[in-house]
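To start, the structure under review is shown below, and the notes come after it.
FYI, the numbering just counts along the sequence from 1. Atoms within each ligand, like the ligands themselves, are counted from 1 in listed order.
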Amino acid sequence: MSAKYHVAIAGATGAVGRMMLSILEERNFPVDRLTLLASARSAGQSLTFKGQPIQVQELREDSFAGVDIALFSAGAGVSLQFAPCAVKAGAVVIDNSSAFRMDKDVPLVVPEVNPHAIRPGIIANPNCSTIQMVVALKPIHDKYRIKRIVVSTYQAVSGSGQKAIAELEQQSRDVLSGKPVQKKVYPHQIAFNCLPHIDVFLDNGYTKEEMKMVNETRKILEDDSILVSPTAVRVSTFHCHSESVNVETEEAICAEDVKTLLRGSPGITVVDNPSQNQYPMAIDAEGKDNVFVGRIRDDLSNKKAINFWVVSDNLRKGAALNAVQIAEQLGRS
Ligand code: NAP
Ligand code: 3JN
């Protein structure tokens with residue numbers, strides 16, 4: 001690879017794709033040329049990179065000639081069809097979808113956790129809810145060995161894309177002005193509501209989002225013995241996912257030590273000063289890169305367990321930023 005890269009974004013017009021464009025710009029990623037790809041619906045539309053308009057092209061099998069790094073965020077079906085074409089053309093693919101995450105030949109990477117797994121070909125970016133949780137869990141696992149995690153998520157609508165952001169905006173206006181609510185993205189009203197339902201329900205009673213958290217956590221932490229008991233909930237916030245996490249460990253664990261440990265760990269900001277009402281909140285994490293951890297406290301029911309609250313910007317660390325950080329590591333290897 002040259003020192004400056006020809007980068008392609010497949011899904012450039014979406015919520016994640018637009019964030020990728022913005023993060024490449026703000027981190028001054030060494031872009032030599034940028035190819036923006038989306039469906040035929042968006043072909044001809046212009047997006048701006050470093051003040052210059054760039055026309056969006058229709059994604060096709062021959063879109064990747066000369067591309068060094070292809071960032072995919074157009075859904076699993078699109079990745080399954082087009083990521084192999086990009087690799088065949090010589091690109092490294094960093095894929096934000098679930099298409100290849102559990103493929104044993106594809107690394108599933110969070111740079112703070114398992115950068116050693118990065119290699120050319122297809123690299124999978126984990127699910128947003130998994131990413132922010134494993135950034136906080138990695139130092140805990142290294143020191144205390146995690147046995148079991150019980151997690152409940154409070155996920156923002158931006159995790160469901162541009163149409164969901166518009167739906168929460170419109171429904172909020174309609175509810176407040178006493179008008180009937182239209183539902184398109186979610187099966188129920190999301191404004192002023194919580195839906196214990198993210199992605200599709202599976203035969204075991206869990207949703208696909210919940211099972212992503214189970215399987216991806218084990219793969220990234222490279223430990224299939226870790227037990228994960230998840231509940232994923234969509235809430236009426238626009239940005240940032242929050243999670244309540246209970247962690248049970250092999251070794252005795254204490255909240256005060258974990259605060260010190262996490263304060264010195266990469267990608268984490270500890271916000272934990274309850275007497276001053278200071279703890280991580282979605283409205284503070286929006287637009288920030290780190291994972292914010294607080295409410296770190298002993299589990300009074302179990303000497304080998306703690307509880308914490310973790311918040312991160314789902315479109316940044318949960319998707320676009322993590323992908324760009326993987327691309328940055330490629331340049332270093
Ligand atoms: P979005 O706002 O709905 O955007 C979807 C993007 O995909 C748009 O650019 C759309 O292009 C493009 N697209 C759809 N069908 C296409 C096709 N047949 N060919 C080419 N492009 C196509 O959704 P989003 O929130 O950005 O999410 C996109 C994907 O990213 C998700 O499906 C998921 O796989 C992944 N994602 C991952 C995470 C994570 O946790 N890491 C989080 C959110 C999303 P048009 O504008 O032309 O329709
Ligand atoms: O709902 C969220 O907050 C995150 C959504 C992620 C998502 C949305 C549609 C399809 C994914 C994902 O990344 O797992 C997928 C998918 O690729 O399966």
> Got a donor-acceptor contact below 3.5 angstrom from the Asn290 side chain to the Phe292 backbone?
Replying inline: no
> Just by modelled atom types, is the Gly287 backbone N or O under 3.5 Å from a matching donor or acceptor in the Asp313 side chain?
Replying inline: yes
> Which atoms of ligand 2 sit under 4.0 Å from any heavy atom of Gln155?
Replying inline: 1 (O), 2 (C), 3 (O)
> Can you find a protein heavy atom closer to atom 9 (C) of ligand 2 than 4.0 Å?
Replying inline: no
> Can you check whether Glu209 has an N/O within less than 3.5 Å of an N/O in ligand 2?
Replying inline: no
> For the side chain of Gln132 and the backbone of Val310, is there at least one donor-acceptor N/O pair under 3.5 Å apart?
Replying inline: yes
> Using a heavy-atom cut-off of under 4.0 Å, does the side chain or the backbone of Ala319 touch ligand 2, or both, or neither?
Replying inline: neither
> Taking the six-membered ring for Trp, are Trp309 and Tyr154 parallel (under 30°), tilted (30 to 60°) or perpendicular (over 60°)?
Replying inline: perpendicular
> To the nearest 0.5 Å, what is the distance between OG (Ser22) and CZ (Arg27)?
Replying inline: 11.5 Å
>> Yes or no: does Lys208 have any heavy atom under 4.0 Å from an atom of ligand 2?
In response: no
>> Could you tell me if Gln325 and Lys317 have a donor-acceptor pair between their side chains, going purely by distance under 3.5 Å?
In response: yes
> For the atom pair CZ (Arg101) and NZ (Lys212), what is the distance rounded to the nearest 0.5 Å?
Replying inline: 5.5 Å
> Roughly how far apart are Asp68 CG and His6 NE2, rounded to 0.5 Å?
Replying inline: 7.5 Å
> Between Asn127 and ligand 2, is there a nitrogen or oxygen pair with a distance under 3.5 Å?
Replying inline: yes
> Do Glu216 and Lys219 sit within salt-bridge range, that is, some charged N less than 4.0 Å from a carboxylate O?
Replying inline: no
> Does Ile198 come within less than 4.0 angstrom of ligand 2, counting non-hydrogen atoms of the residue?
Replying inline: yes
> How close does the nearest protein non-hydrogen atom get to atom 5 (C) of ligand 2, and which residue and atom is it?
Replying inline: Gly159 O, 3.2 Å
Could you give the side-chain donor-acceptor pairs of residues 87-95 under 3.5 Å, partners two or more places apart or in another chain?
| from | atom 1 | to | atom 2 | distance (Å) |
| --- | --- | --- | --- | --- |
| Asp95 | OD1 | Ser79 | OG | 2.6 |
| Asp95 | OD1 | Ser97 | N | 3.2 |
| Asp95 | OD1 | Ser97 | OG | 3.4 |
| Asp95 | OD2 | Ser97 | OG | 2.8 |

>> With a 3.5 Å distance limit and no angle check, can you tell me whether His197 reaches the backbone of Asp199 through a side-chain donor-acceptor pair?
In response: yes
>> Using heavy atoms and a 4.0 Å limit, tell me yes or no: is Gly75 in contact with ligand 2?
In response: no
> What do you reckon, does Asn96 put a non-hydrogen atom under 4.0 Å from ligand 2?
Replying inline: yes
> With atoms numbered from 1 as shown, which atoms in ligand 2 lie under 4.0 angstrom from a non-hydrogen atom of Cys128?
Replying inline: 3 (O), 4 (C)
> For residues Gln45 and Thr13, is any side-chain donor paired with an opposing acceptor at under 3.5 Å?
Replying inline: no
>> Out of Glu216, His241, Lys212, who is nearest to atom 11 (C) of ligand 2 when you count heavy atoms only?
In response: Lys212
> What heavy-atom pair brings Tyr5 and Ile69 nearest, and what distance separates the two atoms?
Replying inline: CG-CD1, 4.0 Å
> Is a side-chain N or O of Asn322 found less than 3.5 angstrom from the main chain of Val110, in a donor-acceptor match?
Replying inline: no
> Hey, which atoms in ligand 2 end up nearer than 4.0 Å to a heavy atom of Ser97?
Replying inline: 17 (O)
> Mind checking what residues have non-hydrogen atoms under 4.0 angstrom from ligand 1?
Replying inline: Gly11, Ala12, Thr13, Gly14, Ala15, Val16, Ala38, Ser39, Arg41, Ser42, Leu59, Ser73, Ala74, Gly75, Val78, Asn96, Ser97, Arg101, Asn125, Pro126, Asn127, Cys128, Gly159, Gly161, Gln162, Gly318, Ala319
> Under 4.0 Å from any heavy atom of Arg101, which atoms of ligand 2 are there?
Replying inline: 12 (C), 13 (O), 14 (O)
> Identify the closest protein heavy atom to atom 1 (O) of ligand 2: which residue and atom is it, and at what distance?
Replying inline: Arg234 NH2, 2.6 Å
> Hey, which atoms in ligand 2 end up nearer than 4.0 Å to a heavy atom of Ser98?
Replying inline: 16 (C), 17 (O), 18 (O)
